[in-house]
Amino acid sequence: MLPFIDLAAQRAALGPRMEEAILAVVRHGAYVMGPEVGQLEEELAAFCGAKHVVSCGSGTDALALILMAKGVKPGDAVLCPSFTFAATAEVICWLGAAPVFVDVREDTFNLDIDSIEAGLVTAREQGLRPVGVIPVDLFGQPADYAPIEAVCAREGLWLLADAAQSFGAHYQGRKVGTIGDATATSFFPAKPLGCYGDGGAIFTDDSELDAVLRSLRNHGQGADKYEYARIGMNGRLDTIQAAVLIEKLRVFADEIAARDRIAARYAAGLSDCAVVPQVMADARSVWAQYTLRLPGFDRSAFQASLRDAGVPTAIYYPRPLHRQDAYARYPSAGNGLPVTDRLAQEVVSLPMHPYLDEADQDHVIATARAALGA
Ligand SMILES: *Cc1c(COP(=O)(O)O)cnc(C)c1O
């Protein structure tokens with residue numbers, strides 16, 4: 001079976017530097033907030049052009065810390081997609097606020113502006129106070145931020161980008177990390193830039209927000225060690241993970257280019273028999289996933305044929321959040337989320353990682369074509 005994501009190939013490509021970087025932390029012993037943490041934050045800021053980077057324990061922590069800093073509370077509504085990983089909505093509920101689920105576009109899988117307008121109406125009808133929007137850059141492509149920014153400006157809402165899958169991408173000449181009031185990303189191993197465990201980061205140009213986030217990440221610490229300015233949490237990134245990320249960041253731009261080449265070959269080989277993913281003009285995806293739509297096809301049969309030929313596939317996401325028991329009591333925009341419901345039935349993701357060679361890409365394409373009767 002081909003690996004769906006080949007972290008072993010990446011490790012081999014990085015060579016002994018990675019092990020040495022980890023050993024250096026083991027030897028110097030500053031396991032929490034060691035020097036690699038600050039170095040990584042500087043390198044991430046340089047990579048994307050954000051003024052401030054606050055590393056943290058996971059992508060989920062990154063989202064939660066921003067909502068805590070924004071003072072999200074019961075009675076507030078935060079608009080977000082239902083076609084996403086649970087963490088996007090989970091953090092809103094932690095603070096007693098309500099996610100209002102918004103539909104997505106079938107061409108990009110990302111938030112639909114008309115549904116955002118409908119979601120604002122729905123929130124107010126239910127007596128909720130809309131305070132912010134969390135677009136998700138699903139599968140590595142930035143959401144269409146320009147119209148969302150216009151709505152946020154008009155309505156006085158903050159904009160938090162869930163870029164857990166899209167760090168390294170860009171939109172209309174702006175790098176992910178510089179869009180919105182703040183951006184959250186994840187370094188979970190399977191993300192385009194992943195560490196060897198859990199990790200995450202927040203990006204912002206807002207110096208006041210940066211200071212609050214740094215305090216919240218460390219139990220709400222004030223000017224002195226045992227003085228607390230606010231209620232915070234333990235949301236720090238381990239030094240070892242920072243060391244891993246510093247090594248991976250060196251090859252990240254080349255890896256993004258490799259992902260882009262693979263996506264182009266997949267598109268050339270499959271666009272006549274499946275709906276291949278579309279990237280907006282003036283945007284770049286980092287291809288966290290390469291996701292086909294198979295309208296009218298038996299998706300399980302497609303997956304079974306590929307599996308028999310040694311090609312793994314995955315479904316992101318089989319059941320949208322508004323269809324899950326845990327989230328069923330929260331509102332959906334307007335008259336429901338028809339595109340989200342349909343996409344959950346149609347999508348299937350193919351193996352995608354920068355070390356997938358051309359022979360394996362061709363094998364994936366040939367097996368997918370055969371399964372589709374092309
Ligand atoms: C992975 C992911 C998260 C959460 O990141 P963790 O580091 O796993 O906590 C949040 N949102 C989206 C869209 C994700 O894909």
Side-chain angles (χ1 to χ4, degrees), residues 4-5 7 40 44 53-68 78-95 99 101-102 104 108-111 132-143 145 148 159-169 176-177 179-180 182-203 213 217 233-238 240-242 244-245 248 259 277 285-291 314-322 324 326-327 340 343-344 347 349 352-353:
F4 192 70
I5 293 176
L7 294 174
L40 173 70
L44 290 169
V53 177
V54 182
S55 61
C56 58
S58 67
T60 308
D61 279 2
L63 292 164
L65 286 163
I66 298 165
L67 297 192
M68 289 164 77
V78 178
L79 280 64
C80 70
S82 167
F83 195 54
T84 181
F85 183 61
T88 311
E90 167 181 77
V91 292
I92 301 166
C93 306
W94 285 359
L95 297 172
F101 294 115
V102 171
V104 291
T108 61
F109 309 116
N110 284 331
L111 280 191
V133 182
I134 310 182
V136 173
D137 301 343
L138 205 68
F139 306 146
Q141 171 169 212
Y145 282 97
I148 301 174
L159 178 57
L160 155 53
D162 180 345
Q165 303 183 10
S166 67
F167 185 65
V176 164
I179 304 169
T183 299
T185 199
S186 165
F187 303 127
F188 183 77
K191 309 286 179 176
L193 180 62
C195 57
Y196 285 171
D198 281 304
I202 301 165
F203 304 81
L213 289 166
R217 165 181 78 172
M233 63 192 267
N234 173 358
R236 299 172 302 244
L237 179 73
D238 289 341
I240 285 183
Q241 301 302 346
V244 168
L245 287 162
K248 289 216 193 181
R259 288 173 182 274
S285 175
V286 289
W287 304 105
Q289 301 296 340
Y290 190 88
T291 304
I315 310 292
Y316 302 109
Y317 295 90
R319 199 161 160 203
L321 297 181
H322 74 290
Q324 305 269 354
Y327 293 95
T340 295
L343 288 175
V347 290
S349 301
M352 168 56 84
H353 63 82

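Whatever order the structure lists ligands and atoms in, that order sets their numbers, starting from 1. FYI, side chains are in, hydrogens and waters are out, and symmetry mates aren't considered; it's all heavy atoms of this structure. By convention here, the first residue in the shown sequence is residue 1.
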TODO: Run the numbers for me: atoms of ligand 1, each under 4.0 Å from some heavy atom of S58, listed by number.
DONE: 7 (O), 9 (O)
Open item on the list: Could you tell me, atom by atom, which parts of ligand 1 come under 4.0 Å of a heavy atom of V136?
Closed with: 13 (C)
Open item on the list: I want to confirm something. Looking only at heavy atoms, which of A87, G59, A62 is nearest to atom 10 (C) of ligand 1?
Closed with: A87
TODO: Using heavy-atom distances, let me know which of T185, D61, D162, L138 sits nearest atom 13 (C) of ligand 1.
DONE: D162
- [ ] Identify the heavy atoms of V136 and A143 that sit nearest to each other, and give their distance.
- [x] O-CB, 4.1 Å
Any nitrogen or oxygen of [X], side chain or backbone, less than 3.5 Å from one on ligand 1?
X	answer
K191	yes
F188	no
D198	no

Open item on the list: If only side-chain N and O atoms count, and only distance matters, is there a donor-acceptor pair under 3.5 Å linking Y145 with D137?
Closed with: yes
Task: Pairwise side chain to side chain donor-acceptor pair (under 3.5 Å) hits with a residue in residues 78-95, at least two apart - done: S82-H322, T84-T88, T88-D162
- [ ] Distance to 0.1 Å, residue and atom name: give those for the protein heavy atom nearest to atom 12 (C) of ligand 1.
- [x] A164 CB, 3.4 Å
Task: atom 9 (O) of ligand 1 [closest protein heavy-atom partner, distance rounded to 0.1 Å] - done: T60 OG1, 2.5 Å
Task: Aromatic ring pairing F139/F83, orientation class (parallel under 30°, perpendicular over 60°, tilted between) - done: perpendicular
For the atom pair [atom1] ([X]) and [atom2] ([Y]), what is the distance rounded to the nearest 0.5 Å?
X	Y	atom1	atom2	answer
Q141	F109	CD	CZ	9.0 Å
D238	L245	CG	CG	11.0 Å
I179	F203	CD1	CZ	12.0 Å

Task: Within-shell test, T84 vs ligand 1, heavy atom, strictly < 4.0 Å - done: yes
